Amino acid sequence: VRGARAIREVNRSLVLGELGRAGRISRSELARRLNLTKPTISAVIEELAGEGIVHEVGLTERATGRPARLLELNENSSAYLGIHLGEDEIAVGLGNAQALLTHTESVRMSPATPKRAFDAALGLVTELLRKERIPRSRVRAAGVSVPGLVERGSGRCILAPNLGWRNVEVEAELAARLGLPVTLANTTHAAALAEARHGICQDVRSFVWLYVGSGIGAGLVLDQRIETGALGFAGEVGHCAVEKEGEPCGCGRRGCLETVATTSALLRKAERAVRSHRASALKRDKKLSVQSIRAAAERGDELARELLANVGEYLGLGVSYLINILSPERVVVGGSGLATDPFVLEALRSNALRRAVRTDGLDIVSSTLGESAYLQGALLLAEARHMPHTRLVRDFGGLRPGS
Ligand SMILES: [Zn+2]
């Protein structure tokens with residue numbers, strides 16, 4: 001009996017997962033995609049329809065044969081919460097039954113203590129649910145993204161240098177305070193999930209999502225599955241050494257990629273270069289920023305172009321390691337102003353392709369999701385927590401050690 005019930009549960013979450021991905025779909029198409037029999041699909045659908053989770057929304061248009069009835073998740077049957085605990089802002093997003101981001105609330109705050117960050121997130125959640133008139137009972141789970149190392153299985157953020165956090169029980173604390181199942185992931189892993197479901201990687205099975213901004217990290221999707229590694233820290237390419245000596249890094253080591261290719265690394269180098277007697281428009285710049293350096297580069301300033309290209313070259317070096325080790329179909333670059341700069345991207349692309357051993361058919365492109373990637377990814381974590389057999393996010397779903 002236990003086995004039969006387990007199989008029913010798996011089929012149910014497979015069907016729910018596919019309905020979430022597909023939007024509108026017929027029973028026979030569900031059967032084909034999931035490789036299940038039509039009677040199995042019909043039994044699951046009947047159960048879900050009885051609970052008000054799925055409803056029929058019309059007929060397929062077919063040139064020949066009988067039109068099939070289309071099914072869809074009832075948008076009001078469940079809701080999910082996404083929470084992003086960022087370096088300078090706390091953001092909360094509301095997702096519908098398909099885990100699509102529908103509304104957001106955020107507040108700007110610089111690195112906060114865990115308690116202040118949780119208080120702010122909870123305040124935003126209350127506000128959002130009240131404004132959108134969503135009863136708490138409709139919310140199934142929450143997903144949380146944090147710019148730090150997240151230990152697999154424990155839901156603990158063991159280190160977030162840019163937040164100043166160490167060993168913070170994010171999952172347990174927020175689960176207790178929200179009264180919901182909560183899944184925590186690194187922001188870059190969350191963004192990779194969003195890119196696979198909603199962004200420019202819907203058509204590939206294996207890709208690398210590289211975050212470039214105040215830090216550097218990679219989300220690795222291999223054969224349509226996010227890979228977090230044995231401990232959960234896969235993709236920390238920002239802490240690979242690229243200089244033998246080099247400057248100290250937030251992780252406690254020296255010469256990491258993060259010491260030469262982040263926003264703050266660029267600004268440090270720019271200040272130094274401006275002080276040495278170089279002719280450059282940046283000399284007149286009272287407050288150097290990524291934006292002002294990018295603007296100068298666009299106007300043809302040699303120094304600004306060199307600085308950006310230098311960041312891109314180092315990033316390309318890091319990306320060449322990832323290409324050689326993982327052989328992805330695509331590399332997506334996302335994050336702040338540096339990730340979309342043409343001078344950074346060009347140098348990144350040419351250095352990565354020159355250094356990697358085989359790059360046939362490989363694209364290196366910018367993400368199109370923008371800032372909402374983290375919240376969209378957090379919603380997918382929540383969905384996976386509620387429906388643990390959602391393929392892409394198996395690592396964050398039900399297959400945890402001990403479950
Ligand atoms: Zn480091």
Side-chain angles (χ1 to χ4, degrees), residues 84-88 110-112 114 145-152 154 156-168 170 184-192 208-220 226-272 290 307-326 331-339 341 344 347-348 351-352 355-356 374:
H84 175 57
L85 306 172
E87 282 146 35
D88 47 20
S110 49
S145 84
V146 65
L149 298 177
V150 174
E151 188 177 56
R152 185 176 180 178
S154 73
R156 189 183 303 136
C157 174
I158 68 148
L159 180 69
N162 295 325
L163 296 178
W165 291 8
R166 234 171 231 285
N167 296 317
V168 180
V170 181
L184 176 71
N186 169 281
T187 45
T188 309
H189 294 174
V208 168
W209 202 94
L210 184 78
Y211 169 79
V212 180
S214 52
I216 297 165
L220 315 173
I226 188 125
E227 181 57 64
T228 59
L231 302 177
F233 314 142
E236 286 297 329
V237 65
H239 298 289
C240 290
V242 292
E243 308 237 78
K244 240 182 177 170
E245 289 307 315
E247 295 182 45
C249 180
C251 72
R253 289 161 198 83
R254 271 180 181 275
C256 296
L257 183 57
E258 284 203 358
T259 65
V260 289
T262 56
T263 308
S264 51
L266 171 72
L267 297 179
R268 269 200 313 277
K269 280 192 224 176
E271 272 155 26
R272 231 176 283 148
V290 174
L307 288 164
L308 291 167
N310 180 259
V311 164
E313 249 176 68
Y314 273 114
L315 291 170
L317 176 62
V319 166
S320 74
Y321 300 158
L322 292 169
I323 295 171
N324 282 351
I325 295 167
L326 302 166
V331 175
V332 182
V333 185
S336 74
L338 284 177
D341 182 79
V344 172
L348 186 165
N351 201 28
R355 286 176 182 273
Y374 313 118

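Treat the numbers as computed from the prediction; the structure is a model and nothing was measured. For ligands, and for the atoms within them, numbers begin at 1 and follow the listed sequence.
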Using atom types as modelled and distance alone, determine if a side-chain donor or acceptor of [X] lies under 3.5 Å from a backbone N or O of [Y].
X: Trp165; Y: Ala112; result: yes
X: His189; Y: Ala234; result: yes
X: Glu227; Y: Gly229; result: yes

- prompt: Leaving out waters, which are not shown anyway, how many protein N, O or S atoms lie closer than 2.8 Å to the Zn ion (ligand 1)?
  reply: 4

task: Determine, stepwise, if the pair Leu338 / Thr263 fulfils side-chain contact (heavy atoms from CB on, under 4.5 Å).
output: CA-CA 7 Å; Leu338 284 177; Thr263 308; 4.1 Å; yes

query: Between His84 and Tyr374, how do the two ring planes meet: parallel, tilted or perpendicular, split at 30° and 60°?
result: parallel

query: Salt bridge between Glu247 and Arg272, side-chain N to carboxylate O under 4.0 Å?
result: yes

